[in-house]
Amino acid sequence: MEKALINLHYEIIHGDFMKAGEASSNIKKALMQLGVDNAIIKRLCVACYEAEMNIVIHSYGGCIDVDIFEDRIEMNAKDKGPGIKDIELAMTEGYSTAPDVAREMGFGAGMGLPNIRKSSDEFEITSVVGEYTNVRIVIFID
Amino acid sequence: MNEIFHSVELIEEKCNGCTRCMIKCPVEAIRLKNSKAVIYGDRCIDCGVCIKVCPYNAHVGKRDVLDVLDNFKTKIAIPSVTLYSQFGEYIEPGLINDAIKSLGFDEVFDITYACDIVTEITKNEIEKMPKPAISPFCPSIIRLIQVNYPELVDHIVKVLTPIEVAAILIREKYGENSDGIGIFYLSPCVSRVTKGKYPFLSSETHIDGVLAISDLFPQLLKYINKNKAAAPQSNSNMSSTGIAWAIPGGQSKAMNLEEYIAVYGVENVIKVLDEIEKGKLSNVDFVEAFACTEGCLGGILLADNPFNARRIINKYYDKLDKRCEINEMSEEYKSRFLSDMKNNKTYNPKLAEDFASAVKKMNFMNKLINSLPGTDCGQCGSPSCKAFAEDVVRGLSTVDECKFITLKGGEGNEGK
């Protein structure tokens, strides 16, 4: 398998709303240092932040890996948790299973996964109920 | 690196090499080299935090002094609205204007009129912009966006500040006779000095100098105390909507907005900008962000504390109770007050010009981070271990400047 030029790895803790967003902020900084185009940074930031929030709200915890290649950036968000029963439904804008505590904080609008897909060039989601959810996206650098 | 003009300056003899300013700088723009603070001009946003925290008064804010008035035939003052908050009680605005004239000015321009023009233009502009629109008023925040959030520059409302609008109106009023006219802003903050000398959104400025309110304060206070009993000679036509510009949220109030955020303190502003960047807050119409506590009332060139000043501003807001009615403006009229954004100097964050070299440097940097103690002790002269690693790969520091480094092989992972 092609080895990434840079790998950025972040552990995401369930329920840690205060720290949520740190991964995407750090990733943004790294991409700026590499000279990646601002528009691409913005897309990745949005996707990464939504993925972080998903892990914080819905899972028991997980991690985000960002792999930078010469022609693309891949993001893998993996968690252990309840998984997603109906992926198609979860991809619907506005559909949400977020608990009240998250909604009270302004999260859980049901836009997480749709926003991640919108920000990406390739989007893949795999999930096993009661075990895990993995989201993988690719954004090409031109 | 120091090609950008800055109003914050270091007096080297006074610096005793403590790490206070370096640690407190919200944008990590300060290093210690040979036991003296060094400000990296390409990252500095002129917020003045270093001036506030330095126990040795080694950081100072540049500004003009009153003598500069002698170079001009007609001297016109544009006082910041914050000036009216500085005397501990409600003072007739006309009397304060008299006091300003006593310093040698021929005319005091009412900046609230310019504020109201900018309010009307902004109201229009934000409807055409990506949400949330960001106020262009605080120069430090604009610089912060240019340096660290270049992708948010499109969110800044492209309107000139009331200061520039006021100066343009003055020059138009004098028309062909505008030779020998000197226009001076009486400023609550150092950042305005930078902007006055070196505008960084539009390509030109119409003011001739920036004076510090704190420098003028003793004379103003003396005049006011002496002449309090008599009726003021100057009239004042200030609007409450213009006075509101002194406080965070005042611009939004003037525009009758409901969905707005008012935030101050660079660290807090960074949190809000982070959220905007991540696509949140797109349901917010307008963000007023200020570097200083309580916005401009916390400017370091003022005399009173910002919270007492706020109390006084509220009095003006209630007493004036008058809106400037600026509704009908032709597009042509308005267009003169739009910023051309030609001077959008951003900071270059790249580790190297080409991608491959930047990757190499980043991998080395991440390896280095794993070898550093992570205590952010500041002994190396960088504000944190991470900043030190970045300084090393940028060639601004050398590895041996860290006394605690334990070189070990790492995977080169950033983060945890």
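We name chains A, B, ... by the order of the sequence lines, and we start the count at 1 in each one. All values below come from the heavy atoms of this structure, side chains included, with hydrogens, waters and symmetry mates left out.
- Within the 4.5 angstrom heavy-atom criterion, no atom of B:E353 approaches chain A.
- Atom NZ of B:K131 has more than 12 neighbouring heavy atoms from other residues, nucleotides or ligands inside a 6.0 Å radius.
- With rounding to the nearest 0.5 angstrom, the OG atom of A:S25 is 9.5 Å from the CD atom of B:E275.
- Residue A:E122 places its CD atom among more than 12 non-hydrogen atoms of other residues, nucleotides or ligands, all under 6.0 Å distant.
- Note on A:I141, A:L34, A:V46: by heavy-atom pairs under 4.5 Å with chain B, the leading option is A:L34.
- The line from NZ of B:K361 to CD of A:Q33 is 11.0 Å long, rounded to the nearest 0.5 Å.
- Here the side chains of A:M32 and B:Y149 are not in contact, with every heavy-atom distance at 4.5 Å or above.
- Under a 4.0 Å N-O distance rule, the pair A:K29/B:E390 qualifies as a salt bridge.
- No more than 12 heavy atoms of other residues, nucleotides or ligands shown are found within 6.0 angstrom of CD on B:E258.
- Crowding of B:K271 atom NZ: a count of heavy atoms from other residues, nucleotides or ligands under 6.0 Å not exceeding 12.
- One N or O on the side chain of B:N363 and one on the backbone of A:L5 form a donor-acceptor pair closer than 3.5 Å.
- No side-chain heavy atom of A:K42 sits less than 4.5 Å from a side-chain heavy atom of B:K278.
- Counting heavy atoms from C-beta on, the side chains of B:V359 and A:F69 never come closer than 4.5 Å.
- Note that NZ of B:K280 and CG of A:N115 are 12.0 Å apart. Values are rounded to the nearest 0.5 Å.
- Residue A:I41 holds its CD1 atom at 8.5 Å from CD of B:E277, rounded to the nearest 0.5 Å.
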